**Q** 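Quick one: this structure, given as structure tokens, is what I'll be asking you about.
Lettering follows sequence order; numbering is per chain, from 1. What you are looking at is a predicted structure, and each value in this text was computed from that prediction instead of being measured.
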There are 2 protein chains.
Amino acid sequence: MNHMPGISVRTKERVFAAARELRYRPSTFGRGLVKPGQPTLGLIIDDLTNPYYPELASAVIGQAARYRWNVVLAETVHIQDKHQLIIDLSRQTDALLGYFSIDPEQLTDELAVTPFVQLDTAPPAPTGSVALDFRAAMDDLVEHLVARGIQHPALLDVTKPDATSARGQRFVDGMRRHGRHVAVTRIEESSMDAGVKGGRAVLSACPETDGIVAFNDVVACGVLKMLQLDGIAVPDRIRVAGYDGLTLGTFVTPQLTTIEINMRAVAETAVDLALGMYAGDLPMSGPECHRTVTHRLVVREST
Amino acid sequence: MNHMPGISVRTKERVFAAARELRYRPSTFGRGLVKPGQPTLGLIIDDLTNPYYPELASAVIGQAARYRWNVVLAETVHIQDKHQLIIDLSRQTDALLGYFSIDPEQLTDELAVTPFVQLDTAPPAPTGSVALDFRAAMDDLVEHLVARGIQHPALLDVTKPDATSARGQRFVDGMRRHGRHVAVTRIEESSMDAGVKGGRAVLSACPETDGIVAFNDVVACGVLKMLQLDGIAVPDRIRVAGYDGLTLGTFVTPQLTTIEINMRAVAETAVDLALGMYAGDLPMSGPECHRTVTHRLVVREST
DNA sequence: TTGTATGCGTTATCAA
DNA sequence: TTGATAACGCATACAA
């Protein structure tokens, strides 16, 4: 069936006829045993419906394709047992990358030899990891908003009650250095609808608000929508900024100022880490397989 | 290593130590040969950066997950030789689904036994296929726009020069039945920026235009942006409609009227076809493995 | 508690 | 031009 030289046409046809008859398909496993094919990368994300993840996934798939790696994409939103997903996927792929977390205790002997690269995690991870450093960009945003004359900044954060996200805390601290107090409103869900409601809550808590920084671009789009619905001018009356740098931010009017993450850099860094660990050039954990990618302030129309 | 009963702790530890030492990982192929794991579905799309595909991919991955199938996602935008991609991927997966085309001549004996499901293809495909029937929904859109008093409709189509898309032709024909002539403008690229430019072209070609139907939601968002930039009221002065029913259409202001495709239905239909073909319940081609999913008009604010 | 043999499906080599 | 056979890495049943 593999078109080897020296097979008579008659025989070949006879073989193919039998194959069709039996619905025969060569086994990936049998074949892979003899001649190894392309390795496979497992990419774990939350939900492609959240506009953040397609941009990440596209960048990762593109980078993986450069090395001829295949990518199995898994959405945790469909999965109940996330730890089991990691186990299953680690058995079926050659390296695992994305948004997931592994407790050091859960890191059994079996998993200890699998190349893992966790995204956007705090440095002390028992695996490879790529940290996202927003600090300078957030400081730039603070400077930018202050220069624009913001007096009453607000933060629309997505966290559990009484917690503040790291990025949000950076914003609060930065504004405090400029003598501005940030009014913090918290919502639990990251969605546009939540942004609409959250935006309303921000204004009813503090009507003189003249600047809103949202947890991310999706929420910021909700804020923009709410302001448009209520006839509040952006950026004249209230300035709005997001976080992530999604393409989505250029679709809305006014276009969204945002703290952009360089998805290509993240993907390149993470894939290179995973492939390096797979190839044995890097250990499975430790400082050698930790990288940092920095954010960048992108000023558009909404501020 | 598989935690079989009756292994002494000392031996087990000795084995794991050696495994760590050698960076040993069990071979997927060797293991798969003995005990078959989960099958894998290959999903071929153009580009996750185009908001249409994440919604499709998410639905397909979700449906596949219900049957515990894994999904390998491939973006053709990164690939030069699309036919080679199909061959490679068909070797490494158990069924192939998505946006691709197979010439009947290219359908060699080897490929003839692979379950293929092509999306949005004209019925006569040599594989499984899911057709998208927009006709009734497009007729509904025509009625809707006429009822709203449209006199000078325009179509912003994405096609090669001098061709008209099937959906666009349906719109033109429908309007003609109501005595309206549709001014057709063609652009070659489906993107928001192209929509901005195309929208301008529409208005300069026919300034009295009072309704624009775009090839899809992304282009329609570009039209909306252009109208907003130029201070033209939507829907009061010009009504705008899109096609696809993307979530994106709810992010923009005004929210976009659109011809919605039921992604969940498409995904369920396509995955069920692919799995049926894989299981042998369905042939690899012919009317038994052809399905149709219908569109639906969703009226929002832009009309 | 540990070692050994078998078979999974494929490719490649070698003898016929 | 064709048939037979080893080897790939693993899980398992069985012998020691």
Side-chain angles (χ1 to χ4, degrees), chain A residues 1-42 68-70 72 84 87-96 108-115 277-280, chain B residues 1-42 68-70 72 84 86-96 108-115 277-280 284:
Chain A
M1 293 194 69
N2 296 347
H3 309 293
M4 280 178 59
I7 304 290
S8 75
V9 178
R10 210 182 67 84
T11 304
K12 188 185 282 193
E13 181 44 50
R14 203 152 44 97
V15 169
F16 274 116
R20 269 193 303 274
E21 172 82 17
L22 299 168
R23 306 182 99 261
Y24 165 82
R25 294 207 64 206
S27 148
T28 313
F29 298 123
R31 177 176 280 161
L33 216 43
V34 177
K35 36 175 52 182
Q38 303 311 323
T40 299
L41 176 69
R68 310 214 52 193
W69 278 52
N70 287 120
V72 171
Q84 191 58 45
I87 295 194
D88 291 346
L89 216 50
S90 73
R91 289 213 178 114
Q92 292 173 9
T93 61
D94 300 290
L96 231 50
T108 60
D109 302 274
E110 181 182 354
L111 294 179
V113 289
T114 303
M277 292 163 78
Y278 172 79
Chain B
M1 293 194 70
N2 297 346
H3 308 291
M4 279 178 60
I7 304 290
S8 74
V9 179
R10 210 182 68 84
T11 303
K12 188 185 280 191
E13 181 43 50
R14 203 152 45 96
V15 169
F16 275 117
R20 270 195 302 274
E21 172 85 15
L22 300 168
R23 306 181 98 261
Y24 166 82
R25 294 206 65 207
S27 150
T28 314
F29 299 122
R31 176 177 282 159
L33 217 42
V34 177
K35 38 172 52 180
Q38 303 311 321
T40 299
L41 176 70
R68 308 215 52 193
W69 277 53
N70 286 119
V72 171
Q84 190 58 45
I86 293 176
I87 295 193
D88 291 346
L89 216 50
S90 73
R91 289 213 178 113
Q92 294 175 6
T93 61
D94 301 291
L96 232 49
T108 60
D109 302 273
E110 181 182 353
L111 294 180
V113 288
T114 303
M277 293 163 78
Y278 172 79
M284 291 304 176

**Q** Toward the 5' end of DNA chain C, which comes first, A/G32 or B/P5, by nearest nucleotide?
**A** B/P5
**Q** Could you tell me from which nucleotide to which nucleotide of DNA chain D, 5' to 3', there is an atom under 4.0 Å from chain B heavy atoms?
**A** D/dG9 to D/dT12
**Q** Hey, which sits more toward the 5' end of DNA chain D by its nearest nucleotide, B/F29 or B/M4?
**A** B/F29
**Q** Going 5' to 3' along DNA chain C, between which two nucleotides do contacts with chain B fall, using a heavy-atom cut-off of 4.0 Å?
**A** C/dT1 to C/dG9
**Q** Partners of B/Q84 by side chain to side chain donor-acceptor pair (under 3.5 Å), sequence neighbours excluded?
**A** B/D88
**Q** Would you say that A/T28 contacts B/R91 through its side chain, given a criterion of any heavy-atom pair below 4.5 Å between the two side chains?
**A** no
**Q** What residues, two or more places apart in sequence or in another chain, satisfy side-chain contact (heavy atoms from CB on, under 4.5 Å) together with A/T40?
**A** A/N70, A/V72, A/T93, A/D94
**Q** So how far is it from B/L96 CG to B/L89 CG, rounded to the nearest 0.5 Å?
**A** 5.0 Å
**Q** Output yes when B/E21 and B/R14 qualify as a salt bridge under the 4.0 Å nitrogen-oxygen rule, no when they do not.
**A** no
**Q** Enter the distance from A/Q92:CD to A/I87:CD1 here, rounded to the nearest 0.5 Å.
**A** 12.0 Å
**Q** What does the inter-axis angle of the helix from C/dT1-D/dA16 to C/dA16-D/dT1 come out as, five pairs per end, nearest 10 degrees?
**A** 50°
**Q** Distance from A/I7 atom CD1 to A/E13 atom CD, nearest 0.5 Å?
**A** 13.5 Å
**Q** State which residues pass side chain to side chain donor-acceptor pair (under 3.5 Å) with A/T11; sequence neighbours excluded, sorted by chain then number.
**A** A/S8
**Q** Over all heavy atoms of both residues, which pair between A/G30 and B/L33 is shortest? Give the atoms and the distance, please.
**A** N-CD1, 3.5 Å
**Q** Any side-chain heavy atom of A/F16 within less than 4.5 Å of one from A/M1?
**A** yes
**Q** If each of B/G6 and B/V34 is mapped to the nucleotide of DNA chain C with the nearest heavy atom, which maps nearer the 5' terminus, i.e. the 5' end?
**A** B/G6
